[in-house]
Amino acid sequence: LRVVGVHVDISDKKELDNMKSELISTVSHEIRTPLSSVLGFTELLIERDLPEEKRNQYLELIHRESNRLKNLINDFLDIQRIETGGQKLDLAEINLDSIVNEVIELYEIHDDHQFEVEFETEENRVIADYNKIKQVVTNLVSNSVKYSNKGSKILISINSNQERFKIEVKDQGIGIAKEEQKNLFERFYRSRSSTKNQIEGTGLGLAISKKIVAAHGGEIGVESELNEGSIFYFTIPKQIGGGEDG
Ligand code: ADP
């Protein structure tokens, strides 16, 4: 499924209603596939006397599909909350390198990618919403893991100038064709090569990330070569304020 998101001004009630029904129909459609698998495999498990190996295989599939459902619903709730009500930032002084280190730690346990970090300065403190910025870093890092081969390098760097911090995540993965790059931050958009390679996803992570970064007054973007790799980056201004909300 590939639905290109639409930009709407939510101050318009009719457009808000349209947006809601579009989201509801897309999400119902997305939920139906994993739910059908869960139902199908549980029925087989109930009705048939299967050898242990098959039973375990089906249980694993049920587990995987249920997880997919959970992720989909979480992403959906996030984006819906952001798009309808705006988002409230819980601002405090946060340390960007500890966020990056915490996120990498999580992925280092599960995956055998080679993580490298490059922090230009030692103190990377900024006023921002800790959980939301961590969610953006998690989205970018989990994508770089998901869309590249095991063993390949992932470089995460933080640099700054007078106005802003910039966090970059660089991978050696499948990359994205030039003409598709502008669509990646629209909800539900997935690149051709990610669906061709059957890599699972909802197409919501980057849309959510874009909203979070915008609420902080920053920018999010990508530089990528198909089959070579990608750099996803976002900025956070040192002086927060003046950023659009929502
Ligand atoms: P998904 O859940 O599909 O990964 P995202 O919103 O996080 O959703 O990303 C949208 C799309 O952008 C992905 O489906 C994929 O096509 C592309 N993409 C994101 N990150 C990368 C990456 N590091 N390398 C290649 N493609 C990527």
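Just so you know, ligand 1 is whichever comes first in the structure, and atom 1 is the first atom listed for that ligand.
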- Cation over ring, K238 on F165, under 6.0 Å and within 45°? yes
- Would you check if there is a donor-acceptor pair between the side chains of T121 and N124 at a distance under 3.5 Å? yes
- Task: Please list, by chain and number, the protein residues whose heavy atoms come under 4.0 Å of ligand 1.
- Result: N143, S144, K146, Y147, D171, I174, G175, I176, L184, Y189, R190, S191, S194, G201, T202, G203, L204, G205, L206, S230, F232
- With under 30° as parallel and over 60° as perpendicular, where do the rings of F185 and F232 fit, or are they tilted in between? perpendicular
- Query: In the hydrophobic clustering (ILVMFWY, side-chain contacts below 4.5 Å, transitive), which residues join L39, or is it alone?
  - Reply: none
- Query: Looking just at side-chain N and O atoms, do D78 and Q135 make a donor-acceptor pair shorter than 3.5 Å?
  - Reply: yes
- Query: For atom CZ of R164, is the number of surrounding heavy atoms from other residues, nucleotides or ligands below 6.0 Å larger than 12?
  - Reply: yes
